[in-house]
There are 2 protein chains.
Amino acid sequence: MGAATTRAHIVEAADQLFYRQGYEHTSFAAIAEAVHISRGNFYYHFKSKDDILGAVIAARLESRQRMLKQWEAEEADPAGRIRRFVEIVVTNRVDIQNYGCPVGTLTTELAKLGHPALGAAGGLFTLFRSWLREQFTQLGHREQADALAMHVLTFSQGVATLAHAFYDEDFIHREVQRMHDWLGAYSAGTEGAAPVVPEDCAQADA
Amino acid sequence: MGAATTRAHIVEAADQLFYRQGYEHTSFAAIAEAVHISRGNFYYHFKSKDDILGAVIAARLESRQRMLKQWEAEEADPAGRIRRFVEIVVTNRVDIQNYGCPVGTLTTELAKLGHPALGAAGGLFTLFRSWLREQFTQLGHREQADALAMHVLTFSQGVATLAHAFYDEDFIHREVQRMHDWLGAYSAGTEGAAPVVPEDCAQADA
DNA sequence: GAGATATTAGGACAGTCGTCCTATGTGGTG
DNA sequence: CACCACATAGGACGACTGTCCTAATATCTC
């Protein structure tokens with residue numbers, strides 16, 4: 001098996017485990033077992049556990065960036081793009097109810113650990129924030145664009161946290177509906193333009 | 001020093017440390033150092049680390065319950081009580097920006113650890129949820145009371161997570177203002193303006 | 001096929017963890 | 001003062017952690 005392949009397998013397994021069990025709680029042995037390689041062999045591909053975390057964060061960043069690019073390609077209307085973002089919590093409702101938001105929970109954990117990779121993980125939030133800001137700007141709300149972007153992020157983080165805590169799917173749908181109604185006030189003129197969310201958009205967050 | 005006093009000191013120190021560093025990341029040695037007692041002496045007061053966690057959760061529950069009771073005593077208007085709840089993120093903005101929400105972060109961590117005390121920690125969420133539901137019911141929104149309570153919780157969790165991630169105080173104030181505006185539609189009678197607004201007219205703010 | 005390189009396996013290492021045991025010290029009661 | 005339950009200290013324990021080292025194996029080049 002090529003080194004690049006093994007490395008990718010490690011990152012993939014670590015990504016899942018960090019998400020489901022947390023970074024600190026995930027041991028080298030656990031990742032090794034998931035990838036079916038020996039513990040000692042890790043250090044041929046990564047020089048430390050923090051190094052794996054860095055690779056995982058980079059992979060998540062790239063993945064989300066790709067997702068956003070695709071949305072831009074598929075959806076001409078900025079309001080439709082924002083709606084897609086809001087729908088993430090529906091698309092990934094199962095994972096979210098089970099494990100929370102991969103961005104929010106990782107950032108919170110790294111902050112508590114005082115981990116140096118906190119800044120890199122925060123880049124995921126910044127990525128979404130900037131992208132949402134751009135969409136609101138295109139909608140003509142240049143002045144409030146950043147505040148509106150933060151409000152949408154607030155929504156998604158709040159929903160993810162509580163859907164996780166209460167394992168409540170109906171709650172997700174209610175809050176998403178509320179958010180769509182709220183967004184209506186900011187996407188005037190494009191009413192009825194874009195229908196909501198194709199089924200295969202997924203691979204999104206959480 | 002009395003046993004009860006020492007026990008209280010342990011719980012207090014553990015509470016702080018669990019909040020700031022997380023439960024798993026906080027070692028016995030760290031708590032011992034904070035309380036200035038020896039490691040081995042812990043097991044005279046608690047039979048395990050989980051036992052300390054249980055005491056911390058119980059203490060937090062009692063503390064929050066006391067807080068809510070006091071609000072009920074000081075504030076006759078249910079709308080005012082809800083506003084007090086919303087203001088938590090302002091009152092505790094320093095801690096929230098530094099460490100996030102004590103309820104949300106603990107619940108998330110325990111879920112990832114698969115810790116048996118997850119249910120007990122979830123009781124904190126349930127406490128707030130029930131209390132908020134009661135206030136909305138008293139405001140005459142019996143039907144939607146629970147959904148409205150969950151919406152307020154969503155707000156507070158989202159704000160706490162992002163204020164923590166971005167360390168942004170202005171953001172907190174903006175979201176709180178938005179929330180107060182939204183609440184205005186549901187607190188008829190106290191605020192002057194006020195016809196009842198259907199659930200999906202949440203775009204109160206702009 | 002031989003040799004060099006890339007990749008893997010498995011154990012040794014020091015450190016830390018939660019837990020437990022036992023001896024020491026304390027304070028109040030007869 | 002002697003006594004005894006309460007409270008504390010400090011170290012020993014096995015298990016686990018991330019890290020590192022070295023030998024064995026696979027893969028590719030000539």
Side-chain angles (χ1 to χ4, degrees), chain A residues 1-58 106 109-110 112-118 120-121, chain B residues 1-58 106 109-110 112-118 120-121:
Chain A
M1 184 174 357
T5 308
T6 301
R7 196 189 142 98
H9 284 169
I10 293 175
V11 172
E12 188 180 358
D15 192 341
Q16 281 290 317
L17 287 169
F18 291 169
Y19 177 34
R20 301 188 180 184
Q21 315 190 0
Y23 171 70
E24 189 178 30
H25 190 59
T26 299
S27 68
F28 260 59
I31 306 177
E33 190 181 12
V35 191
H36 296 105
I37 66 172
S38 78
R39 245 168 337 175
N41 186 24
F42 269 104
Y43 289 79
Y44 179 78
H45 302 277
F46 300 93
K47 68 174 185 289
S48 71
K49 191 183 177 186
D50 292 1
D51 202 25
I52 298 183
L53 176 61
V56 166
I57 292 175
L106 179 64
E109 182 184 0
L110 295 183
K112 300 227 180 218
L113 300 184
H115 197 284
L118 173 61
Chain B
M1 187 178 343
T5 308
T6 301
R7 196 189 142 99
H9 284 170
I10 293 176
V11 171
E12 189 180 357
D15 192 340
Q16 282 290 318
L17 287 169
F18 290 170
Y19 177 35
R20 301 187 180 185
Q21 316 187 357
Y23 171 69
E24 188 177 30
H25 191 58
T26 300
S27 69
F28 260 61
I31 306 176
E33 189 181 11
V35 191
H36 297 105
I37 65 171
S38 78
R39 246 166 334 174
N41 187 23
F42 268 103
Y43 289 79
Y44 179 79
H45 302 276
F46 300 93
K47 69 173 186 289
S48 71
K49 191 183 178 187
D50 292 1
D51 202 25
I52 297 182
L53 176 61
V56 167
I57 292 176
L106 180 64
E109 181 184 1
L110 295 183
K112 302 228 179 214
L113 300 184
H115 197 284
L118 173 61

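Numbered from 1 within each chain, the chains take letters A, B, ... in sequence-line order.
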Filter on salt bridge (charged side-chain N to carboxylate O under 4.0 Å, His left out), then keep only pairs touching residues 27-49 of chain A, sequence neighbours left out; what's left?
none

Any residue meeting side-chain contact (heavy atoms from CB on, under 4.5 Å) with B:A8, in chain and number order, not counting sequence neighbours:
none

CD1 of A:I10 to CD1 of A:I37, rounded to nearest 0.5 Å, is 4.0 Å

Could you state the atom-to-atom distance from CG of B:D51 to C1' of C:dT19 in whole Å?
13 Å

Any salt bridge (charged side-chain N to carboxylate O under 4.0 Å, His left out) pairs touching residues 5-19 of chain A, not counting sequence neighbours?
A:D15-A:R60

Checking A:Y44 now: which residues fulfil ring pair (Phe, Tyr, Trp, His ring centres under 6.0 Å) with it, not counting sequence neighbours?
none

Listed by chain and number, what are the side-chain contact (heavy atoms from CB on, under 4.5 Å) partners of A:E24, not counting sequence neighbours?
A:E109, A:L113, B:E24, B:H25

Can you check nucleotides 21-24 of chain D for protein contacts, nitrogen or oxygen pairs under 3.5 Å, and list what you find?
none

Do any of residues 16-39 of chain B sit with a heavy atom less than 4.0 Å from DNA chain C, and if so which?
B:T26, B:S27, B:F28

All side-chain contact (heavy atoms from CB on, under 4.5 Å) counterparts of B:S48, not counting sequence neighbours
B:D50, B:D51

Distance test, side-chain N/O of A:T6 to OP1/OP2 of C:dT8, below 4.0 Å
yes

Let me know the distance between CG of B:L53 and C1' of C:dC17, rounded to the nearest Å.
17 Å

If an axis is fit to five pairs at each end of the helix from C:dG1-D:dC30 to C:dG30-D:dC1, what is the angle between the two, to the nearest 10°?
10°

Derivation of the side chain to side chain contact (heavy atoms under 4.5 Å, CB included) call for B:I31 and B:F18
CA-CA 10 Å; B:I31 306 176; B:F18 290 170; 4.2 Å; yes

For B:F42 and C:dG18, what is the distance between atoms CZ and P respectively, to the nearest whole Å?
10 Å

Using whole Å, what does the distance between atom P of nucleotide D:dT25 and atom OH of A:Y44 come to?
18 Å

Among residues at least two apart in sequence or on other chains, which ones pass ring pair (Phe, Tyr, Trp, His ring centres under 6.0 Å) with B:F28?
B:F42, B:Y43

Output all residues satisfying side-chain contact (heavy atoms from CB on, under 4.5 Å) with A:A117, sequence neighbours left out; order by chain, then residue number.
A:L53, A:I57, A:L110, A:H115

Gap between atoms CD1 and P, on A:I52 and D:dG18 respectively (whole Å):
9 Å

Measure the distance from NZ on B:K49 to P on D:dC16 and round it to the nearest whole Å.
16 Å

Note, A:V56 side chain near A:L106 side chain (heavy atom, < 4.5 Å)
no

